[in-house]
Chemist: 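Before I ask anything, here is the structure I am working with.
Bear in mind that the values here come from a model prediction, so they are computed numbers and not experimental data.
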Amino acid sequence: MSTSHSKAAEAFQKDRDNAAWHDRTLWLVRHKRDLLSHGIPEWEDLRHAARDIKMYSTSHLPDLIEEFEKNATSNGCHVHFAKDAEEYRRIIETILKEHGVRKLVKSKSMLSEECDLNEHLIAHGIDVIETDLGERILQLMDIKPSHIVMPAIHIKRERVGKLFEEKLHTEKGNSDPTYLTHQARRVLRQEFLTADAAMTGGNFALAETGEVVVCTNEGNADMGMSCQKVNITAFGIDKLISDRESLGVFTRLLARSATGQALTTYTSFFGKPHEGGEQHFILVDNGRSEILGMQEHRKTLNCIRCGACMNTCPVYRRSGGYSYSYFIPGPIGINLGMLKDAKAHSGNVSACSLCFSCSFVCPVMVDLGEQIYGWRQKLHDLGTANKEKKLISDGMKLVMERPKLFNTALKFAPVANSLPRPLIYNKLNAWGEARELPKFAKESFNEWWKKNHGGKK
């Protein structure tokens, strides 16, 4: 059963001030992205190059996987393969239990969200500490991320201050960002030093060198992976690219698209274990091979998880991440959710104005808006099409396919301007619940054209 995005968004919109703040904040990030991208004359060339590299990589995955495994193994690393979320969780649990791990420090990984890793490990007696500041805030609040790059973007600092008072015993009433950051650092440092193992995701995996590249702004991935002997890096097979030369294209695009900065503060390469330690790489499929076989949707595997499509999306900005049923919100989340379970997540497809801004800003040229439009055409076959919208569409088709009926309707349309308000603004008019409908012109364009041009072209 699909969940209605519009109903969930209604709850987000109840706090008008917060919704407006959310909209402005994300648009500011989009604006910063524009300023930096416009400063690079070859920006569009970079986007095309990134698209081509990703399309090559995904079409040569068996070769790249084999090359990565060979080079990572020669570097002294352990390489594992997980066909699905269950196998991914089992591999990680096995590694940790073999080393008697009781506490795991973990940097942000959307793959772990995709596979419900934290809940699984905690249920099996392993304490998981999120070390990305936004993720740690959410973990303390026991809620999920609402954005893939800025997971706690929907939470204001005053709320964080109250949370830290309760959980970290900070000063009452102090919500200064610098102070809160220092307090989080103080507590997390002890977690780093007392943990038994560390884990991170991966932004890119280089087949040529057997390395995984992780891009962060806080250095938490580096801290975790530096302090522990047992390190795990897990990533989807779609993160594989050929070499460091290809990586250079993506590092010029990623941070500019994600947060409007030239480069992430840390771009770290993990390729060898510490002396006397272990480095484990886990390559995860979990449905990615199936997507590769779908000609219409395989470009979704190009995604580098920058979040630019969310920052620009007028619907996401005004409805928040929790209004989507899939764990990844926004345009990319709509498409990935439909690929995962179309019936369960079809309610998200309506969360799109078809402005195609997402396709325009995507640094790897994923045709996000176009794919969402394609999914809309399939809703009827899925049995999840909105009956009211379908009735309206059928009615419009009936009128528009009959010129006489269409022109007659236009002629009498201005009558609606003088109808009593309750006849127009009621429960049958969902559009008019939050908007004033435009007034019908007294004269249609067809009538104006015939009168002024005599029907001539």
Chemist: For the pair Asp243 and Thr209, evaluate side chain to side chain contact (heavy atoms under 4.5 Å, CB included) and give the outcome as yes or no after the intermediate values.
Modeler: CA-CA 7 Å; Asp243 48 41; Thr209 59; over 6 Å; no

Chemist: Could you tell me the separation between the CE atom of Met150 and the OG1 atom of Thr259, rounded to the nearest 0.5 Å?
Modeler: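 Rounded to the nearest 0.5 Å, the CE-OG1 separation comes to 7.5 Å.
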
Chemist: Once you round to the nearest 0.5 Å, how far does CG of Leu336 lie from OH of Tyr326?
Modeler: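 Answer rounded to 0.5 Å: 5.5 Å.
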
Chemist: Nearest 0.5 Å please: distance from the OG atom of Ser109 over to the CG atom of Leu117.
Modeler: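 Reported value, rounded in 0.5 Å steps: 8.0 Å.
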
Chemist: Going by an N to O cut-off under 4.0 Å, is there a salt bridge joining Glu130 and Arg136?
Modeler: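 Salt bridge between Glu130 and Arg136, a charged N being under 4.0 Å from a carboxylate O: no.
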
Chemist: Does Glu218 use its side chain to pair, donor to acceptor, with the backbone of Asn220 at less than 3.5 Å?
Modeler: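 Not a single qualifying donor-acceptor pair exists.
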
Chemist: Please round to the nearest 0.5 Å and tell me the distance separating atom CG of Asp222 and atom OG of Ser268.
Modeler: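 Rounded to the nearest 0.5 Å, the CG-OG separation comes out at 3.0 Å.
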
Chemist: Between the side chains of Asp132 and Ser107, does any donor sit under 3.5 Å from an acceptor?
Modeler: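 Their side chains do not contain a donor-acceptor pair, so the 3.5 Å distance test is not met.
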
Chemist: Any donor-acceptor pair under 3.5 Å linking the side-chain atoms of His80 with those of Glu87?
Modeler: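 Checked: Glu87/His80 side chains show no N/O donor-acceptor pair below 3.5 Å.
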
Chemist: Taking 4.0 angstrom as the limit, do Lys144 and Glu135 come out as a salt bridge?
Modeler: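 Not counted as a salt bridge, because no side-chain N and carboxylate O are separated by less than 4.0 Å.
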
Chemist: Without swapping roles, check the side chain of Thr181 against the backbone of Pro177 for a donor-acceptor pair under 3.5 Å.
Modeler: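 Answer holds: yes.
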
Chemist: Would you say Gln371 and His297 are linked by a side-chain donor-acceptor pair, where the criterion is simply a distance under 3.5 Å?
Modeler: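 Indeed, the side chains of His297 and Gln371 share at least one donor-acceptor pair under 3.5 Å.
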
Chemist: Got a salt bridge between Lys103 and Glu191, using NZ or NE/NH1/NH2 to carboxylate O under 4.0 Å?
Modeler: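 Yes, charged N to carboxylate O under 4.0 Å.
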
Chemist: Do the charged groups of Glu211 and Arg244 touch, with an N to O distance under 4.0 Å?
Modeler: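 Counted as a salt bridge, because a side-chain N and a carboxylate O are separated by less than 4.0 Å.
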
Chemist: With a cut-off of under 6.0 Å to the ring centre and 45° to the axis, is Arg157 in cation-pi contact with Tyr179?
Modeler: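 No, Arg157 does not sit over the ring of Tyr179.
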
Chemist: Begin from the C-alpha positions of Lys54 and Leu301 and carry the test side chain to side chain contact (heavy atoms under 4.5 Å, CB included) through to its verdict.
Modeler: CA-CA 8 Å; Lys54 289 292 286 186; Leu301 295 177; over 6 Å; no

Chemist: Any side-chain donor paired with an acceptor under 3.5 Å for Asn311 and His147?
Modeler: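 Yes, His147 and Asn311 have a side-chain donor paired with an acceptor closer than 3.5 Å.
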
Chemist: Using the six-membered ring wherever Trp is involved, compare the ring planes of His124 and His120 and label them parallel, tilted or perpendicular (cut-offs 30° and 60°).
Modeler: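 Geometry flag for His120 against His124: tilted rings.
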
Chemist: Are there over 12 heavy-atom neighbours, none belonging to His78, within less than 6.0 Å of that residue's NE2?
Modeler: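 Above 12, so yes.
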
Chemist: Regarding Arg317 and Asp23, does a basic nitrogen lie under 4.0 Å from an acidic carboxylate oxygen?
Modeler: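 Counted as a salt bridge, because a side-chain N and a carboxylate O are separated by less than 4.0 Å.
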
Chemist: Just by distance, with hydrogens left out, do Lys106 and Ser112 show a side-chain donor and acceptor under 3.5 Å apart?
Modeler: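 There is such a pair between these side chains.
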
Chemist: Between Gln13 and Ser319, do the side chains contain a donor N or O and an acceptor N or O under 3.5 Å apart?
Modeler: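 Gln13 and Ser319 do not have a side-chain donor-acceptor pair below 3.5 Å.
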
Chemist: Do any N or O atoms from the side chain of Glu10 and from the backbone of Ser6 form a donor-acceptor pair under 3.5 angstrom?
Modeler: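 Pair absent, no side-chain N/O of Glu10 close to backbone of Ser6.
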
Chemist: Are a donor atom and an acceptor atom from the side chains of Ser37 and Asp34 found within less than 3.5 Å of each other?
Modeler: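 No, no side-chain donor-acceptor contact under 3.5 Å.
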
Chemist: Would you mind telling me which of Asn203, Leu247, Val149 makes a side chain to side chain contact (heavy atoms under 4.5 Å, CB included) with Leu254?
Modeler: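 The side chain to side chain contact (heavy atoms under 4.5 Å, CB included) with Leu254 is passed solely by Asn203 among Asn203, Leu247, Val149.
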
Chemist: If only atom types and distance count, is the side chain of Arg30 paired as donor or acceptor with the main-chain N or O of Leu26 below 3.5 Å?
Modeler: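 Not confirmed, Arg30 side chain does not pair with Leu26 backbone.
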
Chemist: Just by distance, with hydrogens left out, do Ser289 and Asp285 show a side-chain donor and acceptor under 3.5 Å apart?
Modeler: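 There is such a pair between these side chains.
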
Chemist: For Asn335 and Pro331, indicate whether the former's side chain and the latter's backbone hold a donor-acceptor pair under 3.5 Å.
Modeler: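 Side chain of Asn335 to backbone of Pro331: a pair is present.
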
Chemist: With the threshold set at 4.0 Å, does a side-chain nitrogen-carboxylate oxygen contact exist between Lys162 and Glu158?
Modeler: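 Glu158 and Lys162: not salt-bridged.
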
Chemist: Please determine, by modelled atom types, if Thr233 and Thr200 share a side-chain donor-acceptor pair under 3.5 angstrom.
Modeler: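 Side-chain D/A pair, Thr233 to Thr200: absent.
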
Chemist: Judged by modelled atom types alone, do Ser325 and His5 share a side-chain donor-acceptor pair under 3.5 Å?
Modeler: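 Checked: Ser325/His5 side chains show no N/O donor-acceptor pair below 3.5 Å.
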
Chemist: Using the ring of each side chain (for Trp, its six-membered ring), is Phe281 parallel, tilted or perpendicular to Phe235, with breaks at 30° and 60°?
Modeler: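 Taking Phe235 first and then Phe281, their aromatic rings stand perpendicular (interplane angle over 60°).
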
Chemist: Check whether any side-chain N or O of Arg318 sits under 3.5 Å from a backbone N or O of Pro314 as a donor-acceptor pair, and report yes or no.
Modeler: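 Between the backbone of Pro314 and the side chain of Arg318 there is a qualifying donor-acceptor contact (under 3.5 Å).
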
Chemist: Can you tell me how far apart CH2 (Trp27) and NZ (Lys32) are? Round to the nearest 0.5 Å.
Modeler: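 Spacing of CH2 (Trp27) from NZ (Lys32) equals 14.5 Å.
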
Chemist: Are there more than 12 heavy atoms of other residues, nucleotides or ligands under 6.0 Å from atom NZ of Lys378?
Modeler: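 Yes, enclosed.
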
Chemist: Tell me whether the count of non-hydrogen atoms from other residues, nucleotides or ligands lying under 6.0 Å of CD in Glu119 goes above 12.
Modeler: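 Counting other residues, nucleotides and ligands, CD of Glu119 exceeds 12 neighbours.
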
Chemist: Atom CZ in Phe327, atom SG in Cys115: separation rounded to 0.5 Å?
Modeler: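 Atom-to-atom, Phe327:CZ and Cys115:SG are 7.5 Å apart.
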
Chemist: Pick out which of Ile237, Asp63, Leu240, Leu64 makes a side chain to side chain contact (heavy atoms under 4.5 Å, CB included) with Ser57.
Modeler: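 That would be Leu64; it is the only one of Ile237, Asp63, Leu240, Leu64 passing the side chain to side chain contact (heavy atoms under 4.5 Å, CB included) with Ser57.
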
Chemist: Would the Tyr322 and His154 ring centres measure less than 6.0 Å apart?
Modeler: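 That pair passes the under 6.0 Å test.
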
Chemist: Is Glu67 salt-bridged to Lys70, cutoff N-O under 4.0 Å?
Modeler: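 Judged by the 4.0 Å cut-off on N to carboxylate O distance, Glu67 and Lys70 do not form a salt bridge.
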
Chemist: Between Asp367 and Ser359, do the side chains contain an N or O donor and an N or O acceptor separated by less than 3.5 Å?
Modeler: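 No pair is found: no donor N or O on one side chain lies under 3.5 Å from an acceptor on the other.
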
Chemist: Any Lys/Arg nitrogen of Glu114 or Arg288 sitting under 4.0 Å from an Asp/Glu carboxylate oxygen of the other?
Modeler: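 Result for this pair is yes, salt bridge flagged.
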
Chemist: When you measure from the side chain of Asp127 to the backbone N and O of Ile122, does any donor-acceptor pair fall under 3.5 Å?
Modeler: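 Not confirmed, Asp127 side chain does not pair with Ile122 backbone.
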
Chemist: If the plane angle is over 60° it's perpendicular, under 30° parallel, otherwise tilted; pick one for Tyr316 and Tyr324.
Modeler: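 Rings of Tyr316 and Tyr324: tilted, 30 to 60°.
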
Chemist: Report yes or no: does Asn386 contribute a side-chain atom to a donor-acceptor pair with the main-chain N or O of Glu388 at less than 3.5 Å?
Modeler: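 It does hold such a pair.
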
Chemist: Does Lys340 come within less than 4.0 Å of Glu290, counting only side-chain N to carboxylate O?
Modeler: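 No, no charged N to carboxylate O under 4.0 Å.
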
Chemist: Determine yes or no for a side-chain-to-main-chain donor-acceptor pair under 3.5 angstrom, with Asn217 supplying the side chain and Thr264 the backbone.
Modeler: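 Checking the backbone N and O of Thr264 against the side chain of Asn217, no donor-acceptor pair under 3.5 Å is found.
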
Chemist: I'd like to know if the side chain of Gln139 reaches the main chain of Val128, judged simply by a donor and an acceptor atom lying under 3.5 Å from each other, with no hydrogens or angles considered.
Modeler: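 Yes.
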
